[in-house]
Amino acid sequence: MADLANIANLVAPFFGLILLGFVIGWRKRLPESGLIWLQFFLIYVALPPLFYRLIADKPVTELANGRFILATTLSTLLVFLLSLAIGLRATRGDLPQAVMQGVAGSYSNIGYMGPPLLLAALGAEASAPLVLVFVFDSLLLFSLIPFLMALAGVEKKSPLDTARRVVWQVATHPFNIATLLGVLAAWTHFELPTALDKMTLWLSQAAAPCALFLLGVTVALRPMRRLPVEVPVLVAIKLLLHPLLVWVVLSAIGSFPDVWIYTAVIMAALPPALNIFVISTQYKVGIERASACILVGTIISMVSLTGFLWLVKTGRMAADLFP
């Protein structure tokens, strides 16, 4: 019981901030346009310093783990394809809608919720695998989405134009730029000047509470009118199948530190990312389904994520399934 209470105390602040944002968003009903600046602050100002600081003091050899990258990215691709197939069946072949459902079943809240939760639960040793999961899951999904949307005719662009845009978006994404700068700093043993180091520390510490509060407000301002029939299946894939698949694949490949396996499992067990709604709004496709997946997934993850953390922290989940 003491272990469970400790885990509950660990996750309670995260879901508490989401709930706080939800209640305030539901009661105050302030204009949604006011969220734009907070979103900009998170994506371009607060989160990049967080990812930079996670990497900059790590040995470069820790980040050059191709087998880990292959295992975790392959797992995400498999659950994306499964969720896409379920979406195609539920929407009777509507590819743009199905792409959004594929993302809902595979894209964790790895940017907003992952770093602070994993560092609190597993310590600084989780930072290297955490960054690798974030970077390569994002590269995978943000490459697949525009390609499939172009294939479906949502984007009236040639395959070459689409490929150029994908490459540009990946290369200029603030998270990826911060990651690259962190790798360069780790390689050259560069240290920020004292004043700049303090600024990046403050900004990185602001990222998690702002992101979780924003998630709650965003969900509150987009109430779910009905529950699409496929949402429970997609949530089960995201919260249960995805982490279990990551565990099996990493164990099958073998020879990873325990904390790397646990980090990948917990990252996969996180609820659907808020970015799913951002993407659906960008393409004007599946907005209601995106809101439903985020809301239901976040609520259910209060139990499922706590369960995975309890299994990890108490040692009841062996890091290597095939010792």
Side-chain heavy-atom pair Leu140, Phe80 within 4.5 angstrom cut-off: no
Contact check, side chains of Met317 and Val265, non-hydrogen atoms, under 4.5 Å: yes
Minimum-distance pair of heavy atoms, taken over all atoms of Leu119 and Ala124: CD2-CA, 4.2 Å
Separation between CD1 of Ile55 and CG of Leu184, rounded to the nearest 0.5 Å: 10.0 Å
Close side-chain approach of Ser204 to Leu201, heavy-atom, < 4.5 Å: yes
Expected output: side-chain Ser251 to main-chain Leu321 donor-acceptor under 3.5 Å: yes
Spacing of Ile7 atom CD1 and Trp310 atom CH2 [to the nearest 0.5 Å]: 9.5 Å
Side-chain heavy atoms of Pro129 within contact of Phe68, under 4.5 Å: yes
Inter-residue atom distance Tyr107.OH - Thr76.OG1, 0.5 Å rounding: 10.5 Å
CD/Glu191: more than 12 non-hydrogen atoms of other groups inside 6.0 Å: no
Minimum heavy-atom distance Cys210-Leu42, with the two atoms named: CB-CD2, 3.7 Å
Check: Ile86 and Ile237 side chains under 4.5 Å, non-hydrogen atoms: yes
Common cluster, Val23/Val217, ILVMFWY with side-chain heavy-atom separation under 4.5 Å: no
Heavy atoms of other groups near Arg89 CZ, more than 12 under 6.0 Å: no
Phe308 with Val303, same ILVMFWY side-chain cluster at under 4.5 Å: no
Atom pair CG (Leu118) and CD1 (Ile266), whose distance is rounded to the nearest 0.5 Å: 7.0 Å
Heavy-atom closest contact (Cys293 atom, Val235 atom, distance): O-CG2, 4.3 Å
ring-ring contact (aromatic ring centres under 6.0 Å, His included) partners for Phe136, two or more places apart: none
Linked, directly or transitively: Leu311 and Ile261 (ILVMFWY side chains, under 4.5 Å): yes
Verify same cluster id: Leu214, Trp26 (apolar side-chain graph, 4.5 Å): no
Residue pair Leu250 / Trp260, side-chain heavy-atom distance below 4.5 Å: no
Backbone of Ala126 reached by a side-chain donor or acceptor of Tyr262 within 3.5 Å: no
Check: Pro115 and Phe134 side chains under 4.5 Å, non-hydrogen atoms: no
Pair Phe51-Val135, side chain to side chain contact (heavy atoms under 4.5 Å, CB included): steps then yes or no: CA-CA 10 Å; Phe51 282 97; Val135 170; 6.0 Å; no
Trace of the side chain to side chain contact (heavy atoms under 4.5 Å, CB included) decision for Leu88 with Asp94: CA-CA 6 Å; Leu88 286 170; Asp94 187 335; over 6 Å; no
Residue pair Leu239 / Pro271: nearest heavy atoms and the distance that separates them: CD2-CA, 3.8 Å
Where Phe15 and Thr298 come nearest, the two heavy atoms and their spacing: CE2-O, 3.6 Å
Ser108 versus Lys238, side-chain donor and acceptor atoms under 3.5 Å: yes
Cluster overlap Leu212 with Leu20, hydrophobic side-chain contacts below 4.5 Å: yes
Student check: side-chain heavy atoms of Thr91 and Gln101 closer than 4.5 Å: yes
Geometric class of the Trp37/Phe40 ring pair [parallel <30°, tilted 30-60°, perpendicular >60°]: perpendicular
Spatial distance of atom CG (Asn109) from atom CG (Leu270) [nearest 0.5 Å]: 6.5 Å
Side chain to side chain contact (heavy atoms under 4.5 Å, CB included) evaluation trace for Leu234 with Val296: CA-CA 10 Å; Leu234 295 175; Val296 175; over 6 Å; no
Atom of Pro116, atom of Ala208 and distance for their closest heavy-atom approach: CG-CB, 3.3 Å
Whether Thr73 side chain and Leu70 backbone form a donor-acceptor pair below 3.5 Å: no
Residue pair Phe256, Asp320: steps toward the side chain to side chain contact (heavy atoms under 4.5 Å, CB included) verdict: CA-CA 8 Å; Phe256 297 108; Asp320 192 342; over 6 Å; no
Atom pair CG/CE of Leu117 and Met267 - distance to nearest 0.5 Å: 9.5 Å
Donor-acceptor contact below 3.5 Å, side chain Trp247 vs main chain Ala318: yes
